[in-house]
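One structure is given here, and the rest of the page talks about it.
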There are 2 protein chains.
Amino acid sequence: MGTTGQLAAVPEPKYWHLRTVLLRAIDTEFSTGQVLPNERELSARFGVARATLRQALDQLELEGRLVRRRGIGTLIAAPRVGVPVNRHEEGWPGTARSQAWRTVDCTTAPATARLAKALGIAEGATVHTVRRVRLVQGQNMATESLHVPAAALPHLPGFRAESDRARSVLRQLERLEVDGESRAVELGVAEAEEAALLERPPGSPVLVMTTQYAAAGRLVALAVSTYRADTCKLTFGEAGVVEVTPVGAPVGAATGAAAEVRTAS
Amino acid sequence: MGTTGQLAAVPEPKYWHLRTVLLRAIDTEFSTGQVLPNERELSARFGVARATLRQALDQLELEGRLVRRRGIGTLIAAPRVGVPVNRHEEGWPGTARSQAWRTVDCTTAPATARLAKALGIAEGATVHTVRRVRLVQGQNMATESLHVPAAALPHLPGFRAESDRARSVLRQLERLEVDGESRAVELGVAEAEEAALLERPPGSPVLVMTTQYAAAGRLVALAVSTYRADTCKLTFGEAGVVEVTPVGAPVGAATGAAAEVRTAS
DNA sequence: CAGTGGTCTAGACCACCAA
DNA sequence: TGGTGGTCTAGACCACTGT
């Protein structure tokens, strides 16, 4: 970024060209955690309006390359964290490192039309909903709403305090023999409470993962998880693949490198 | 949207409030394919600058609720298409409905440092790369670069024309007994050629899926796929889950409904 | 051609943070 | 308090679309 940033007259928009220039600078002249010059200076240096510069920064932030902090500055982001979303590794309550999840609250209420349809139950049927937050490296990385029809948990003890009920629901769920899950992943934005739980402003991009858990041919749970898209990379592992040794290196070792192939090559 | 759009003094930004108002209008007063009033009229109606209105529309477009077409207008988007990304259903070359993929080109070249690391092979080793485009309902929904070390395809016939070579690589790949795959999904933006293949402007959000295929303990292929985030919802099915009948409805039937649970309950 | 969204500008003020 | 990013404005011009 030593140049004064000449922006030749090109057919592509200025902000896109700017993004490219900045991206190269990030890759070659900066490292994680460093702060970029402030927006007013950058826009002056490149001879564009601040709004145009910000459009370029918006792109780079969406790509997870920058983090902007009000009052602080614009920093180079750390590479995205690979977050395993396999039930047997992380997702299912109580399994192994389940400390990663922190229960926020738990409600028991009749299903709305929407929820009933998604769970394949009658509208108004009782459903337990556990909201949780997933912590990765001490950071809130995801929120989840876990919906479980009361009918799927026949042995649930009677009324309890909210935190106890949440525990009970999760424990009962563990005992079911879940024999399959089907998932969907799409792009979304964090709204009010969700955004607050993720410690991000409303409108922040998230990866929305919808998981249906089946046991004995029945749909026993529906989880809707929202992962911070800026810092997360969802990884779907298969037990069969991990730990084998390919031509040169273990498959696991290549996992990190694989995601970087797309850029520049 | 009958009101003149009073924007009370609220702690939240105008564009976010606007988004909420527009979202409700979209849900209640418009249907797929309808065109919204133009930006200048909308901004006047809500008493904000056009740039502010556009910020709200940007959000709704990111959520896949709107489609903006230059020269035409802003339309209500169709619900996202669920795209199966299971190897046995769609992903693997030649399997079942493989007509869905159209080969763009095929190159054979020494691996760059980056690619070599991701494939676990030596830098400079020969790698076949097949670029394909995935068609869903006649639309280009994804691009893919499939990297295969030449060493993994010992029986590949000698030199051929490009299109023939692509076919050969895919066919050889089918014959391998792939016994596992591991995936990662993250948010990205479409760059130049990629954007062109997806028929979207540069900078459009995409879901980047990185898949490693293993056979006999070796990493035999690396696929980097970019799916249009505006119109795609990636679905990961499991053979075990589909076609069972839960309490009220088949699991499959609930798949579409599940994704809508997040909004408004 | 007239109408649409896409880009860009120059400036203002606000909310937040560190010192 | 001074500096940062976040929001908002009013206006201009461009690129693309259909008639």
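A quick note: this is a predicted structure, and the numbers were derived from the prediction, not measured. Chain letters run A, B, ... following the sequence lines, proteins first and then strands; every chain starts at 1.
- Here A/N38 does not reach the OP1 or OP2 of D/dG3: none of its side-chain N or O atoms lies under 4.0 Å away.
- One finds a side-chain N or O of B/R54 lying less than 4.0 angstrom from the OP1 or OP2 phosphate oxygen of C/dG6.
- Between A/R45 and A/E41 there is a salt bridge, since at least one side-chain N of the basic residue sits less than 4.0 Å from a carboxylate O of the acidic one.
- Summarising the geometry, the separation between CG on A/L53 and P on D/dG5 is reported as 9 Å, rounded to the nearest angstrom.
- Listed candidates were C/dT7, C/dG6, C/dT9. Nearest to the side chain of B/R68 is C/dG6.
- Following rounding to the nearest Å, B/K14 (NZ) and D/dA10 (C1') show an atom-to-atom distance of 13 Å.
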- Message: Set out, in order, the CA-CA distance, both residues' side-chain angles and the distance that settles side-chain hydrogen bond (donor to acceptor under 3.5 Å, both in side chains) for A/T211 and A/R183, then state yes or no.
- Response: CA-CA 4 Å; A/T211 311; A/R183 292 205 165 88; 3.3 Å; yes

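- The nearest whole Å value for the distance from the CD atom in B/E12 to the P atom in C/dC14 is 19 Å.
- Residue whose closest nucleotide on DNA chain C sits further toward the 5' end, between A/R70 and A/W16: A/W16.
- Whole-Å rounding puts the B/R19 CZ to D/dT7 P distance at 14 Å.
- When distances are taken from the side chain of B/A49 to each of D/dT9, D/dG6, C/dT9, the shortest belongs to D/dT9.
- Ring-plane geometry between B/F236 and A/F236 is classed as parallel, the angle between the planes falling under 30 degrees on a 0 to 90 degree scale with a further cut at 60.
- If you check distances only, the side chain of B/R69 never reaches the base of D/dG18 with a donor-acceptor pair under 3.5 Å.
- Counting only heavy atoms from C-beta on, B/V48 has its side chain closest to D/dT9 among C/dT9, D/dT9, C/dC13.
- Taking 3.5 Å as the limit, the base of C/dG6 and the side chain of B/R50 contain a donor-acceptor pair of atoms between them.
- A/T52 has no side-chain polar atom (N or O) that falls below the 4.0 Å cut-off from OP1 or OP2 of C/dT7.
- Mapping A/Y15 and B/T74 onto DNA chain C by nearest heavy atom places B/T74 at the nucleotide closer to the 5' end.
- Between the CZ atom of B/F46 and the C1' atom of D/dT9 there is a distance of 18 Å, rounded to whole Å.
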- Report the C-alpha distance between A/T143 and A/T226 in whole Å, list the side-chain angles of each, state the deciding distance to 0.1 Å, and finish with yes or no for side-chain hydrogen bond (donor to acceptor under 3.5 Å, both in side chains). CA-CA 5 Å; A/T143 70; A/T226 61; 2.7 Å; yes

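- Checked for salt-bridge contact, B/D58 and B/R19 miss the test: no charged N lies under 4.0 Å from a carboxylate O.
- Put simply, CG on B/L42 is 12 Å from C1' on C/dT4, counting in whole angstrom units.
- In the set C/dC8, D/dT7, D/dC13, the nucleotide with an atom closest to the side chain of A/P13 is C/dC8.
- Rounded to an integer number of Å, the gap from CD of B/E41 to C1' of C/dA2 is 16 Å.
- For B/R40 and B/Q55, each mapped to the nucleotide of DNA chain D holding its nearest heavy atom, the one lying further toward the 5' end belongs to B/Q55.
- Each of A/E61 and A/G71 lies near DNA chain D, and the nucleotide nearest A/G71 is the one positioned closer to the 5' end.
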- Task: List the steps, then state whether side-chain hydrogen bond (donor to acceptor under 3.5 Å, both in side chains) holds for A/Y15 with A/R54.
- Result: CA-CA 8 Å; A/Y15 78 87; A/R54 281 182 58 81; over 6 Å; no

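- Between the CD1 atom of A/I72 and the C1' atom of C/dA19 there is a distance of 11 Å, rounded to whole Å.
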